[in-house]
Protein chains: 2
Amino acid sequence: MTRETTSAKPPGRPRAGIDAEVFAATLKTVHELGYAGATMDRIAAAAGVAKTTIYRRWPSKGALITDCLVDTFGPLPPMPGSRAEYLAAAIDLAATKIGQPGVGAAFAGVFVDAVSDAGLREILSTRLQAPYLRALQDALGEPEDRILLFVDITVGTLLHRMGMTGAPMVEADVAALTEMILRHFAERA
Amino acid sequence: MTRETTSAKPPGRPRAGIDAEVFAATLKTVHELGYAGATMDRIAAAAGVAKTTIYRRWPSKGALITDCLVDTFGPLPPMPGSRAEYLAAAIDLAATKIGQPGVGAAFAGVFVDAVSDAGLREILSTRLQAPYLRALQDALGEPEDRILLFVDITVGTLLHRMGMTGAPMVEADVAALTEMILRHFAERA
DNA sequence: TCGGTATCGCTACCATTGGTAGCGAAACTG
DNA sequence: CAGTTTCGCTACCAATGGTAGCGATACCGA
């Protein structure tokens with residue numbers, strides 16, 4: 001994940017493999033101090049890396065957070081037997097990841113920054129959301145607007161709970177949410 | 001809404017009635033420049049008021065936005081005939097208001113600021129969310145966790161759409177969302 | 001009309017934070 | 001060793017939320 005696919009051998013000092021440390025430091029700092037409190041200086045310090053080094057790799061704080069989320073979420077699990085199982089797995093993945101320390105706050109933070117920053121919105125949409133939309137569309141064969149609604153409901157609900165209470169959604173509520181969504185999306189449009 | 005209930009007559013120069021102008025300027029500025037671009041200086045300028053005057057009434061930007069939202073949303077309409085109609089009316093109110101220029105962005109912005117600011121979370125929860133929770137609970141007679149889930153789904157979905165696309169949810173999707181929610185919440189727990 | 005009081009607008013100011021420039025040192029290739 | 005690139009560091013800038021203090025202004029009561 002952290003290796004480029006360019007097989008050339010560039011001259012000069014090679015880049016140190018700091019992505020894992022920086023991502024971990026980012027989530028830890030956001031978890032402890034919140035999105036606003038997670039200063040680039042603090043993230044750099046927590047990662048044991050100079051701030052300028054971070055800015056050499058990520059053009060902005062939003063881009064760093066986005067890549068951190070991409071790294072955290074990972075790819076969607078492969079399509080299991082039924083449509084319902086696939087949808088349930090996707091909801092479960094979202095709930096699990098968003099509930100991890102720092103992930104929900106980081107997601108919500110970059111999400112809102114993106115509202116007022118077209119460049120960041122582009123990054124967020126391209127790097128984080130688009131792959132999932134495509135995977136869902138391929139697996140379900142549904143029109144795009146239904147996929148979008150599914151994502152809005154799933155992610156929006158989980159983030160809202162995280163933001164309002166500061167704590168991830170309890171399992172019982174995730175189950176209720178899943179049941180409601182499945183009843184609506186189980187059969188094709 | 002903007003008048004205190006203390007019926008005493010305090011001495012000194014009375015406060016000018018600027019709430020309406022400030023609220024309008026806030027939404028207009030957020031709409032045009034986004035949440036991050038809506039500087040307190042710019043809001044004050046748009047309202048034709050000094051920044052210090054705003055800070056004399058609202059202790060922080062988050063508090064101002066919250067009061068602006070409280071003013072925008074207003075009270076829930078009275079309970080109509082059926083439970084389903086009441087739920088549908090609440091969803092419709094949320095969708096309509098969040099779709100108004102600046103409201104969705106302002107909501108999302110203050111929402112995320114609240115994640116990392118306990119004081120603001122208190123303000124947001126007390127002044128904006130609590131009244132609606134109570135009204136819904138009184139009207140529906142449901143346990144609190146179900147009310148919370150209903151609000152998470154409704155508001156979270158609408159905000160997520162606003163944030164990701166920058167545009168309010170189209171009517172067809174609101175209708176689909178309403179139908180899904182009603183099927184789940186129509187009968188009591 | 002005049003004092004008391006509280007607000008208004010204004011300017012100046014501070015601390016924080018995202019982001020940048022430039023430097024010498026380090027690491028790798030050939 | 002020369003060339004190249006990255007690293008850490010310090011210093012720095014612009015923007016922004018928020019504050020302090022000023023003279024001016026509007027209202028009340030005597």
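Chain letters run A, B, ... following the sequence lines, proteins first and then strands; every chain starts at 1.
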Legend entry - Given L182(B), L177(B), T178(B), the one that forms side-chain contact (heavy atoms from CB on, under 4.5 Å) with M180(B): L177(B)
Legend entry - Atom-to-atom span, NZ of K61(B) to P of dG18(D) - whole angstrom: 8 Å
Inset, instruction - Answer yes or no: is there an ion pair linking R57(A) with D19(A), defined by an N-O contact shorter than 4.0 Å? - result: yes
Inset, instruction - Considering only heavy atoms of chain B and a distance under 4.0 Å, specify the first and last nucleotide of DNA chain C in 5' to 3' order that meet this criterion. - result: dT5(C) to dT11(C)
Inset, instruction - Rounded off to whole Å, could you give me the CZ-to-C1' distance for the R15(B) and dC28(D) pair? - result: 18 Å
Inset, instruction - Ignoring hydrogens and angles, tell me if any N or O in the side chain of K97(A) forms a donor-acceptor pair with the backbone of T72(A) under 3.5 Å. - result: yes
Legend entry - Earlier contact from the 5' end, DNA chain C, for A38(A) and R57(B): R57(B)
Inset, instruction - Scan for ring-ring contact (aromatic ring centres under 6.0 Å, His included) pairs involving residues 160-189 of chain B, sequence neighbours excluded, and state none if there are none. - result: F111(A)-H160(B), F150(B)-F185(B)
Legend entry - 5'-most by nearest nucleotide on DNA chain D - K51(A) or G48(A): G48(A)
Legend entry - Minimum-distance nucleotide to T39(B) side chain [options: dT6(D), dT16(D), dG18(D)]: dT16(D)
Legend entry - Given dG8(D), dG18(D), dA26(D), the nucleotide with the shortest approach to the side chain of P14(B): dA26(D)
Legend entry - D113(B) and Y35(A) side chains, donor-acceptor separation under 3.5 Å: no
Legend entry - Side-chain (T39(A)) to main-chain (R42(A)) donor-acceptor, under 3.5 angstrom: no
Inset, instruction - Using a heavy-atom cut-off of under 4.0 Å over every strand shown, decide if T52(B) touches base, sugar-phosphate, or nothing. - result: base
Inset, instruction - Just do the salt bridge (charged side-chain N to carboxylate O under 4.0 Å, His left out) check on E142(B) and R83(B) with the steps written out, would you? - result: CA-CA 11 Å; E142(B) 295 250 11; R83(B) 276 173 59 86; 2.7 Å; yes
Inset, instruction - Nearest whole angstrom, please: distance from the C1' of dC7(D) to the OH of Y55(A). - result: 17 Å
Inset, instruction - Using whole Å, report how far CZ of R13(B) lies from P of dG23(D). - result: 16 Å
Inset, instruction - Quickly work out the Y35(B) OH to dA15(D) P distance and round it to whole Å. - result: 20 Å
Inset, instruction - Considering just the side-chain nitrogens and oxygens of R42(B), establish if one lies under 4.0 Å of OP1 or OP2 belonging to dT16(D). - result: yes
Legend entry - 5' precedence on DNA chain C between P11(B) and A50(B) (nearest-nucleotide basis): P11(B)
